Amino acid sequence: YDHDEGAAIGSGYAYQGSLTALHHQYVFADIVNGRVFYFDIRELDRNQKPEVKELRVRFDGAGLTALEAAGYADSYAPGQQRVDLRLGTDGDGELYVLTKGDGWIRKITAN
């Protein structure tokens, strides 16, 4: 994960929920732009970086990005927006997206 991709990773989890497509994946998010990424934990090797892929997350069923759905003015970078997105899990290993921009908690489900 390079700064060409985003600003800062805020949280991440080895997925353990019911979405089979995410089994064995480490899912993490960029705090600022709200992009969500993942890689296969079975392919971890000390000598090489894992292939990181972006998880296409739609907000509110409207195909909005996190920045569009919950962005607000970034006091650290005037003229830009940020989301302050974090991930969390419940007791069943399901993933939730928390967005400070609008104060919502959303569950990640299959499309």
Side-chain angles (χ1 to χ4, degrees):
Y1 187 77
D2 190 293
H3 283 284
D4 291 340
E5 294 293 326
I9 296 170
S11 55
Y13 295 92
Y15 184 75
Q16 298 178 9
S18 63
L19 300 175
T20 55
L22 290 178
H23 285 182
H24 307 292
Q25 305 301 311
Y26 184 80
V27 182
F28 62 98
D30 187 283
I31 295 172
V32 178
N33 64 30
R35 293 171 68 193
V36 180
F37 300 93
Y38 65 97
F39 61 84
D40 193 321
I41 58 178
R42 297 170 296 181
E43 297 176 5
L44 288 177
D45 180 337
R46 286 183 174 212
N47 299 317
Q48 65 183 40
K49 295 178 186 177
E51 180 184 2
V52 175
K53 300 175 185 172
E54 185 168 0
L55 182 63
R56 304 301 298 173
V57 180
R58 294 174 40 165
F59 284 77
D60 302 326
L64 300 175
T65 66
L67 204 56
E68 293 165 334
Y72 65 96
D74 188 341
S75 59
Y76 299 108
Q80 296 188 11
Q81 286 192 306
R82 66 183 296 126
V83 179
D84 280 337
L85 183 142
R86 306 293 199 284
L87 295 177
T89 61
D90 65 14
D92 294 323
E94 299 299 341
L95 277 173
Y96 291 81
V97 174
L98 300 83
T99 49
K100 181 179 177 183
D102 62 3
W104 281 79
I105 299 172
R106 298 169 173 94
K107 183 177 182 180
I108 293 182
T109 61
N111 187 8

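Quick note: residue numbers are just sequence positions, from 1. What you see is a predicted model; the values in this text were computed from it and never measured.
Of all heavy-atom pairs between Ala66 and Gly34, the closest is CB-O, 3.7 Å. Closest non-hydrogen pair, Gln81 versus Val32, comes out as O-CG1, 4.3 Å.
Under the rule for a side-chain contact (heavy atoms from CB on, under 4.5 Å), the partners of Arg42 that lie at least two apart in sequence or sit in another chain are His24, Gln25, Asp40. In this structure, Thr89 has no side-chain hydrogen bond (donor to acceptor under 3.5 Å, both in side chains) partners at least two apart in sequence or on a different chain. Partners of Asp92 under the side-chain hydrogen bond (donor to acceptor under 3.5 Å, both in side chains) rule, at least two apart in sequence or in another chain, do not exist in this structure. The side-chain hydrogen bond (donor to acceptor under 3.5 Å, both in side chains) check on Ser18 picks up Glu94, with sequence neighbours excluded. Considering only residues two or more places apart in sequence or on other chains, Arg86 meets the side-chain contact (heavy atoms from CB on, under 4.5 Å) condition with Ser11, Ile31, Asp84, Leu98.
Rounding to the nearest 0.5 angstrom, the gap separating the CZ atom in Phe39 from the CZ atom in Phe37 is 12.5 Å.
Residues in residues 64-76 take part in these salt bridge (charged side-chain N to carboxylate O under 4.0 Å, His left out) pairs, two or more places apart or across chains: Asp74-Arg82. Listed by first then second residue, pairs satisfying salt bridge (charged side-chain N to carboxylate O under 4.0 Å, His left out) with a partner in residues 10-29 number zero, not counting sequence neighbours.
Taking a 4.5 Å side-chain heavy-atom cut-off between Ile, Leu, Val, Met, Phe, Trp and Tyr, the cluster of Val83 extends to Tyr13, Tyr15, Leu19, Leu22, Val27, Val36, Tyr38, Leu55, Val57, Phe59, Leu64, Leu67, Leu85, Leu87, Leu95, Val97, Ile108.
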